Structures are given as C-alpha cells and as structure tokens.
Amino acid sequence: MANFYTETPELSFHLKNSMMERICELKERGYKDKDEYDYAPQDYADAIDSYEKVLEITGEITADVIAANAEGVDEEGPHCANGRVEYASGTKKNLEAMVQAGLNGMTMPRRFGGLNFPITPYTMCAEIVATADAGFGNIWSLQDCIETLYEFGSEEQHSRFIPRICAGETMSMDLTEPDAGSDLQSVMLKATFDEKENCWRLNGVKRFITNGDSDLHLVLARSEEGTHDGRGLSMFIYDKNDGGVDVRRIENKLGIHGSPTCELVYKNAKAELCGERKLGLIKYVMALMNGARLGIAAQSVGLSQAAYNEALAYAKERKQFGKAIIEFPAVYDMLATIKAKLDAGRALLYQTSRYVDIYKALDDIARERKLTPEERQEEKRYAKLADSFTPLAKGMNSEYANQNAYDCIQVHGGSGFMMEYACQRIYRDARITSIYEGTTQLQTVAAIRYVTNGSYAATLHEFEAIPCASEFEGYMDRIKNMTRKFEACTNAVKETKDQELLDFVARRLYEMAAVCVMSHLLLQDATKSPELFARSLNVYVNYAEAEIEKHFNFIRKFQSDELANYRS
C-alpha cells in the first residue's frame, strides 16, 4: 500500500535528528502528561514512536485519499454562491479523512484536544500533504494560525476557540487588502468598539484571503482612528457563526485551484480583540507570518518531492532510441539536480523548524514559570537562529520548487505540456510559493541584516567546526572556500557605504549565504547517512560552487555608477 511518509526515508532521518531529544523534553515538560493522558508519551523514544505513527497515518491518507482526489479538485475547484464558499467534492472528502484521523490542532496542548506535537513533525505532515495536493495543503495547514491565538490570546479565548480547531474547524488569516499587499501598514479595514454590545465591529474589504470562508479568522484591522501606519493596527478574532462577512468572489487563479482565495466584505461584523491594541502588525502578524513562511517552505519542499517523483517515474518508463531516457546524461543531470535541491532544501527546512521548536517551547514555558539564566540564553540563541533561517527556508525552497517543477516538465518533453500529466498541475501550483506570505524579494529584505551583521558568517564558521566523515573532507574544504568568497563580497559591498548598491546586490548575497548553509547541512546529513545523501552532496556542492562563482564575479566587478544602467 502506498504511503507518502514511509516511501520518503529522508523524513524519518530528519525526525530523528539529535536536537529532537531536547525539543521533546521541552515540549513535553519532562513527560508530565503521561500521568493524565493515556496517549501521552512516556519518554523520548515513545514520543518519536508516536510522531512516526501519526506521520504514517498522514502518509497513508495522503496517498489513498488526497492524491487520488488531486486532479478532480484541480479541475472542479471551489464555488461561491450567496456569499459562501463550497469546497470541491474531493476537498470535502480530504477534510473528512483528516478530521476522522484526528490530524487537527496537532501542536496544541492535550488539554484542548490537541496532540501536543512539536513544530517539526507537524511540518513534516504539511510537506507530505503538499506533495499530493498543494492547494488542499493550504486549507489543512492553516490550522497553525491557532499558534498565534494560543500565544497571544487570553485563557478564556483559548478555552473557547482552540478545542474547535482541534475538532476540525478551519482557519484563515485576513491580512491583505486591495491597497495593502506587501505593505501591511497600509491596512484600512476599520475596527470600532461597540459600547452597547461590548464588542468590536469590523467594516471594509479584504482581498487575496486564502481559505477566506473559514470558521475562525485572525483579522488585521485599524483600531486607532486617525492613524495611517502600523502603530494603529490591532489583531481581532472573527467567528463565522456570528455572521457579518460575505465572500464577494473567489479569485480565478493559475494554480492551487482547490484552495479558495477570496475577496471578503466585512459589514459591521462582530469581533473580539486578540492580545493588546496597537500590536497587531508590530508583534502578532510578525509571529503569524513567520509560521506561515515555514509552512510555505514545507509546501515548497512537498512540491519539489512531487516534481522529482513524477520526473523520475516518467524517465524510467519513457523509451527513446531504444533505451529509457533516464540513461541519457541530459536527463539524469536534471534528475540529479532536482534531487540535490530537494535534499538541500529539506535539510534547511527542518534545521529551521528545530530552531523554531526550541525557542517556542521555551517561550511557552516562560508563561508558566521564570526561565533560568541558561534557558533565557538558549531561548535568545534559537529565536535569533529561527529568525535568520526562516527567510532562507521560505525563499530558497520556493525558488527551488519553481525550478524543479520546470525541469519536471522538461523531462516529460511534449507530454509535460499536456493537461493529463500531473507535472503541469505541480508547475502551476509551485508558481505562487515564491509570491505569497512574502515574495522572495521580501525574504531577501528580511535576511539581509543577517548578512551585513555577520550572523550567517558566524553560523557558517560554527558549522565548519562540526566533524565530517573522512571521505567528505574535500567537500568541507570546498564549502569553506565558498564561505570565504561570500564574506569577501559582503565586506566589499559594506565598505562602499552605498545603501543603493547593497539593496541592488542583496539577492545575490542572500543566495550566497543560503547555498553555503545548505551545503554544510547536506555535508552533516551525508556524514550521518551516506546511503541517503552522499550523491546529493556531490551534486549540490558542484551546483553551489557555480552559484557562488557567478555571484562573486558579478559583485567583484560591479561598480556603483553602473546602477544607472539598470534604472528604467
């Protein structure tokens, strides 16, 4: 029987990373839940076993239900009638299967009906689902919006809303508007307090809202009259049961057809404040977006896995000139590169998720008791690492998903241009990943300070101190040389003190940092499991060296006065 988890041994490898023992200890608070819940793990080994069982269930449902429905959902799509969304018939079946399996509210505490999973195994489930259908992945994985409500909402809100998500209700984050996309400080949806009803009222329009007719919405709105920047925005919880929001239309999109992207009209909709006023954008949306960006990184890895699966299967079956096309260098070069980018991107994704797990668990513990000085240092260290790695994971994996989907079609040749092959759907679905939840350009903006302040370089030097297998020492030397070229470019640009030049070459510096990081992570993985990663290490380091050389030569030769030639 097909299973999207067991058929991808790389996932089990990342689940059993040495950092997971610390993550489980923190998340489980020393495994204290075992005395109250019979399904709570007894110890670390039991926790990993529990995660694997849930991942196997997810892998089975994904193969048997979600993948089987994917083409039908893509063709049918959701419908809008009388201000409401009706999912495609296959989407309804997918949701029913996931709810029946208890795969909702996965990261929430058991007292609310959740599984109390760390972010890492949950992210693996999101990757698996996206491998089958990235559009459905959007609907299901938006359950992680509950993390923001759990982090910033009141205990009373926790008790009312979290059990509903754990029981299978859906969520959305209503942020963007017709005139406020990437520039969220321009949000103008109006929030006014209704003294008579002792509640807030929301009025205005939201656009490009994924799963916009969900049960519970986290809404960014302007609560401070007369303001025009981020300091006037607050976060609100809207419950569809209260009414007041209609779906004006569902966008007609290139891909992710199963995921309804809605324009919403708020008409005096009843809502309640989440957290404190004026912190909606400054604090809460930043937390929400970081979670969403990790989710898109997982979706991107899932799409890369799907592209690899389709390309490999076709290359083995398709014969030309008397042999399978996988035997031709032009084809196996593309396949090897897809796989190398997939393995490198996945390594970056789960390194990031482990960083997130540690700092979030410590943040949660800090709401229960005072952290020790050592724990405060640990929280600070991993929060910084998570913040610096998240834009790398989202930006690079989304770009790789697009490249890998493109190459998947190329492997298929003319057949890849035909609608009956899955590769065209993967290609269309992948395109959005480098756009939503912050474009790759915005990921560069988020990451560039870690280039200029030396954080990435410091992390790379720490990686250089990690021993590798003797047979891979040559790769370590090559990666060190790549890092030196990255540092030389960074220093050369900083020395000019030209902000426009820095902004212009930021994407190149970002990519240099990212490929150095991924090369190190693949080296670490290949040292532990050469049978899984040695080939990808070789292919990826060759690829990364070429990327470093390309950017190094461009930046080294570029002069500030050349910028005029690029301005329109």
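The structure presented is a predicted model; accordingly, all values stated were derived computationally and were not measured.
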Salt bridge check: are [X] and [Y] linked by an N-O gap of less than 4.0 Å?
X: Glu28; Y: Lys34; value: no
X: Asp429; Y: Lys253; value: no
X: Arg164; Y: Glu169; value: yes
X: Glu399; Y: Lys341; value: no
X: Glu52; Y: Lys16; value: yes
X: Arg507; Y: Glu511; value: yes

Any chance the side chains of [X] and [Y] put a donor and an acceptor closer than 3.5 Å?
X: Ser214; Y: Ser172; answer: yes
X: Asp357; Y: Thr120; answer: yes
X: Gln157; Y: Tyr150; answer: no

Between Asn69 and Val65 (side chain of the first, backbone of the second, donor and acceptor by atom type, cut-off under 3.5 Å), is there such a pair?
yes
Between Phe13 and Phe533, does the ring centre distance come in under 6.0 Å?
yes
Decide yes or no for [X] and [Y]: does some side-chain heavy atom of the first lie under 4.5 Å from some side-chain heavy atom of the second?
X: Gln143; Y: Tyr122; answer: yes
X: Asp525; Y: Gln351; answer: no
X: Cys262; Y: Val85; answer: yes

Verify the neighbour count for atom CZ of Arg431: are there more than 12 heavy atoms of other residues, nucleotides or ligands below 6.0 Å?
no
Can you confirm whether Lys528 is buried at NZ, in the sense that more than 12 heavy atoms of other residues, nucleotides or ligands lie under 6.0 Å from that atom?
yes
Please confirm whether Lys92 makes a cation-pi placement over Tyr87, using NZ or CZ under 6.0 Å from the six-membered ring centre and within 45° of the ring normal.
no
Among all residues two or more places apart in sequence or in another chain, which pass the salt bridge (Lys or Arg N to Asp or Glu O under 4.0 Å) test with Lys240?
Asp213
How would you list, by chain and number, every residue that makes a side-chain contact (heavy atoms from CB on, under 4.5 Å) with Ala469, sequence neighbours excluded?
Glu471, Phe472, Thr527
